[in-house]
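Everything on this sheet refers to the single structure shown next.
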2 protein chains.
Amino acid sequence: MNSPRPQMTLADIARLAGVGSATASRALNNDKGVSTQTRQRVLDIAAQYAYVVSPEAVRLAKGNLGRVAVVAPHFSRWFFGEIVEGIEAVLREAGIDVLLYFVGSLEDRRSFFDKLPARRKVDAVIVVGFPVEKAERARLELLNVHIVAAGGQHAVYPNVCIDDYRAGRQAMDHLLFLGHQRIGMIEAVDLDQPTEPSGRSSAYRDALRESKLPIEPELVVSAPWGGEQGAEAMDALLSLKTPPTAVYAHSDEVAVGAMRSIRRAGLRIPEDISIVGIDDHPIASLMDLTTVRQPVRSQGELAAQMVLTLLEGKPLPEREITVSTQLTMRSTTAPPRQNR
Amino acid sequence: MNSPRPQMTLADIARLAGVGSATASRALNNDKGVSTQTRQRVLDIAAQYAYVVSPEAVRLAKGNLGRVAVVAPHFSRWFFGEIVEGIEAVLREAGIDVLLYFVGSLEDRRSFFDKLPARRKVDAVIVVGFPVEKAERARLELLNVHIVAAGGQHAVYPNVCIDDYRAGRQAMDHLLFLGHQRIGMIEAVDLDQPTEPSGRSSAYRDALRESKLPIEPELVVSAPWGGEQGAEAMDALLSLKTPPTAVYAHSDEVAVGAMRSIRRAGLRIPEDISIVGIDDHPIASLMDLTTVRQPVRSQGELAAQMVLTLLEGKPLPEREITVSTQLTMRSTTAPPRQNR
DNA sequence: ATTGTATTCGGAAGCGCTTCCGGTTGTTCG
DNA sequence: CGAACAACCGGAAGCGCTTCCGAATACAAT
């Protein structure tokens, strides 16, 4: 099936073309110092024998790697896939290979950070969507590699992300503006990742405080990212003696889950309960969900570009890029019943 | 910031440990033929100086690559992300690196298949979710690499996928069993990919035919994968003089889009119109969508395992693996109005 | 004491490429 | 016509590792 046809080497091509290996190399790499005819001859021979270079040898000789690692906790979630697409697109453009590391569980992470230094495989690593722990940072520094974070604030490294606090405020202020007084929050947390207090949460409290509204602990429930979890959280909110008239969810997926609970409880959206999410996940538009849009793909692209300039040895124009978010009103939010 | 601390080489470690480079190599690789003390000494020195091997050199010397490419048209769509997760998990387990190639547009594809052979970078490639064209196949064969297809039927190469026809029948038979007589189909197509007649479509016609129901062309509309497109397609169906009482969509995303159209048209699901999708996308559960479930992650895992056995030079126990699908009934399907 | 067998180790030859450096040509200018 | 210079090319030295092979030492068997 797979004929192990002997791979030709540069030396073979050189010999066949009747030139030295140095010349062959120059011809193939489009370096100067080779006459047009010689170059053509080499190229022809190479094409004829389907010559392909050995990237290992090239890299060994040149001393660079041309590879960057992308580390993320998931890929099946839209946000991550989208961001990785962005990264891949610009990196490939630059001729750099993208190595994928999927580190879902804490255990995976640990093993990733342990083994990484053992194999000097990449020029840089892009960490997508989770904070890097102290110990992990130490490992990373060991191998003398550039690090960039995308889609997760991370002051330690150059990073690109949204302003979580601002996004949260956009959502909350919208609800407040509509006249809601009793607003619930479904706080998204990640069990597997070391979690830091999110700006999305403090935005909730600040907004309430500024509106002179009480902050009632029973109105905030937390749930892992994900629709099912959002649904459960919403069930909790719904079982309150006096449920909220509006809900602010940390993500669209969570919000959509919550919507199912509301629907199943026989309540209508937005007549009985308003709901707003964050992300502008494709599903948001399909569900007519009001949300705070964040550009995801470009976060990936920007992070990749940072890596590129870092790789060129240039300084970063700015260590932290914050991409802007905007409220996208659809039809899951409306003034509370009594105000209509 | 990034101290370009000189990287130690094997030779350095060997010298420091007072042994030959051969011995150092053996010690580090846990080969036999090294006394315990010597080995320990080398290991200590290596640890102390944070020695990391150069994978290029190792590969050059050993002659193998240890890398496989995963090629997919998207990553932000759940199906692809999930399948890639599966692949990555088993390949990493085996110590193999996963290179990512995202080939959304036709153009991307072309350039991918053109350049791939120019850099003998991988031992195998896994093609996810799209058929490989003739010309591309030729390129692939050129570089003497294993090829496996996942999530897309592809008789040419070893592959793992679902039985599209069967899945379609499961959906259609369900609708038919409920008593629907006028069933629409939203056929998903991919503009950027060479498309082959899908088993999902022939299932529709066969099912109708077997039930002695007429096949009306106006009842089938096609749309690119994606919610918005599904919504538009549904609009078309809705604008028929007599719209269908049930709709079979080729994917959940399309189905969910269609649901929005139905909802916006003031119709109720399933009372006025039933709808069934394929995939069991997480969103399906959130929308209470009846669908035909396919195991996605395991398709990725199985494909990766195929690659592994291929890489070991063993023959494949079976060239084609078909994973089974099952109807998952939720609440978007019910008997048509008049039959209740 | 001698021969034999294991065990441990180091030298050195690659792996396939890039690149420095010096040698040949061919051209141009004084 | 000779010198100066450019353009082109080949030999060979790495790049950092693995691995073959032979040397050295140790220890058991004769």
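To find a chain, count down the sequence lines: A is the first, B the second, and so on, and within it residues start at 1.
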Hey, what are the protein-to-nucleotides 5-9 of chain C N/O distances that come in under 3.5 Å?
unit_1	atom_1	unit_2	atom_2	d
dC9(C)	OP1	S35(B)	OG	3.2
dC9(C)	OP1	T38(B)	OG1	2.5
dC9(C)	OP2	S35(B)	N	2.7
dC9(C)	OP2	S35(B)	OG	3.4
dC9(C)	OP2	T38(B)	OG1	3.4

* Spacing of Q37(A) atom CD relative to dA7(D) atom P, expressed in whole Å -> 16 Å
* **Polar side-chain atom of R41(A) near backbone of A17(A) as donor-acceptor pair, under 3.5 Å** => yes
* Asked: Between the side chains of Q40(A) and D44(A), does any donor sit under 3.5 Å from an acceptor?
  -> yes
* Would you call the rings of H74(A) and F80(A) parallel, tilted or perpendicular, where under 30° means parallel and over 60° means perpendicular? -> tilted
* To the nearest Å, give me how far apart CD1 (I13(B)) and P (dG16(D)) are. => 13 Å
* Atom-to-atom span, CG of N30(A) to P of dT18(C) - whole angstrom -> 13 Å
* Please determine, by modelled atom types, if Q299(A) and Q294(A) share a side-chain donor-acceptor pair under 3.5 angstrom. => yes
* Under 6.0 Å from the CD atom of E312(B), do we count more than 12 heavy atoms belonging to anything else shown? -> yes
* To do: Would you kindly give the CZ-to-P distance between R59(B) and dG16(C), to the nearest whole Å?
  => 16 Å
Grab the N/O contacts between the protein and nucleotides 12-15 of chain C below 3.5 Å, and write none if there aren't any.
unit_1	atom_1	unit_2	atom_2	d
dC15(C)	O2	A61(B)	N	3.4

* Using the test ring-ring contact (aromatic ring centres under 6.0 Å, His included), find all partners of F102(A) that sit at least two apart in sequence or belong to another chain. => none
* Asked: Does the side chain of V145(B) reach to within under 4.5 Å of the side chain of V125(B), using non-hydrogen atoms?
  -> yes
* Report yes if a side-chain nitrogen or oxygen of S25(B) is closer than 4.0 Å to either non-bridging phosphate oxygen (OP1 or OP2) of dT18(D); otherwise report no. => yes
* Donor-acceptor contact present, side-chain D123(A) to main-chain V68(A), <3.5 Å -> no
* Could you check how far CG of N29(A) sits from P of dG16(C), rounded to whole Å? => 17 Å
* Structure fact -> Whole-Å distance, Q40(A) CD to dC8(D) P, equals 15 Å
* Asked: Between dC17(C) atom P and E56(A) atom CD, what is the distance in whole Å?
  -> 11 Å
* May I ask you to decide if F75(B)'s main-chain N or O and E85(A)'s side chain share a donor-acceptor pair within less than 3.5 Å? => yes
* Could you state the CG-C1' distance from L28(B) to dT18(D), rounded to the nearest angstrom? -> 12 Å
